[in-house]
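Please read the structure below before turning to the comments.
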Amino acid sequence: MSETAEKVKKIVVEHLGVDEAKVTEDASFIDDLGADSLDTVELVMAFEEAFGVEIPDDAAEKITTVKDAIAYIDGQKG
Amino acid sequence: MFAQSAAPRRVVVTGMGIACPLGLGVERVWKRLVEGESGIAAIQSFDVKDLPAKIAGQVPVGAKAEGKLDLAEWIPVKDQKKMDRFIQLAVVAAVEAVEDSGWMPEDEESRCATGVMIGSGIGGLTTIYESSQLIAQGKHKRVSPFFIPSALINLASGHVSIRYGFKGPNHAVVTACATGVHALGDAARLIAFGDADVMVAGGAEAAVSEIGMAGFCASRALSTGYNDTPAEASRPWDEGRDGFVMGEGAGVVVLEEYEHAKRRGAKIYAEVIGYGMSGDAHHITAPSDTGDGAYRSMRSALKSAGVTPGEVQYVNAHGTSTPLGDDLELGAVERLWGDDGKTLAMSSTKSAIGHLLGAAGAVEGIFSILAIRDGVAPPTLNLEKASKESPIDRVAKVAQERKIDVALSNSFGFGGTNASIVFRAAP
């Protein structure tokens, strides 16, 4: 697992209070991990803080799974 | 609407919950209160070096089994950050009250007949403070999406309704330190007038924080002379009193229409028989110098209860331990009770837990109900020498066994708002 993936999963576990095993790369924040729309806003803010990146609203809307988050963050860093 | 209202229905108390500086759990808190213990201590949770008042009553931290608060035992971690502390405390007290009542509606009609009215004097003060700091640092984008719903006062009622699926009236009182009594009284009226059959009602407050303490210090309301002896700081009516002691916590009761409670065989603690309100129209923080607002509030409550002052054996006073307020309230009680004052017991339980602001009236309402149930007037701690002589027994330092059928509880708030509620032994 990449460093980004590990960090993203840790943030998701902390913020959504879910079991680590459930946080697979395909997991959807809303459908699989019990998040609501406010939770996802907060989650994106946590990613911004942790990785020092800016995620504009239109990009944030497209981040619905763990995999989406990892890809977006890696894209920004690369 | 009102023109077609039937006669008011009777309202009883079938569940109670407390989180306060004497701990969690009604029975434990009551036992400690009657035994004369104090919940006031030096503030450890933040730096108080620049504050003139350095003590408060805070909910003790620890395991539920010890009557202390470990939030993880009550609210999922994910949800805790969506609630200011006042909401968290409200939820804790509401869970105890609802479980105690045994009321869990199983059909839609019953859910829609069950409402929530939990108020707060100040609400999410700490959350507002922390979010403001982000703005001051230019971090507008770091403000949490949970900031607003965490700070809003009616979200205590909101969270409790969501947790249990209570779909009846969802409301919140905001009348400073009178909030708790207004919430109980208003909720009882909703039941009496048929808007609901069951109401989860109370008050919650969590203003023991840097900004809360600084604000009340600035208004010169807090005790500052007993920082080294915290348990002696709250001393209602005593000549050495110098201001109130801040407290935090929540009190919640389950109010229920009498026939509804009887039908399901609920345990009934007491009946809410009267409720009165008044306004001082005098000053933003000081009580009116005649005590007339307190007098009219109590008179109105007794009138709605249909009892005379002589039929009331116990008053749980507002009695905050401030130089002005205590004796004005005493004077108002003397005026209303007249000769019957000789047989009355009146105490201030703020002497043990401090002033819980918007939660005070709800917690003290519960103490009044327990005074009836157990025939015990809880003590006024630290009342060594009263600043004003009175025929009224203020239960100095030690609890008294008394036959108590009817009890009245007072709460008065900034803005000149006054409320009194009257309970009678279970019918």
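Convention: sequence-line order gives letters A, B, ...; per-chain numbering from 1. These values consider heavy atoms only, across backbone and side chains, with no hydrogens, waters or symmetry-generated copies.
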If you count the non-hydrogen atoms of other residues, nucleotides and ligands that lie under 6.0 Å from CD in B/Glu108, is the total more than 12?
yes
Greater than 12 external heavy atoms within 6.0 Å of B/His159's NE2:
yes
More than 12 heavy atoms from other groups under 6.0 Å of CD on B/Gln137
yes
Residues A/Leu38 and B/Pro145: closest non-hydrogen pair is O-CG, 3.6 Å
Closest non-hydrogen contact found for A/Glu54 with B/Lys141 is OE1-NZ, 3.6 Å
Using a 4.5 Å cut-off on heavy atoms from C-beta on, say whether the side chain of A/Asp39 contacts that of B/Lys82.
yes
Pairwise distance NZ(B/Lys78) to CG(A/Asp36) - rounded to 0.5 angstrom:
6.0 Å
Does CG in A/Asp57 sit with more than 12 non-hydrogen atoms of other residues, nucleotides or ligands closer than 6.0 Å?
no
Distance col, row A/Glu49:CD vs B/Lys139:NZ, nearest 0.5 angstrom, shows 6.5 Å
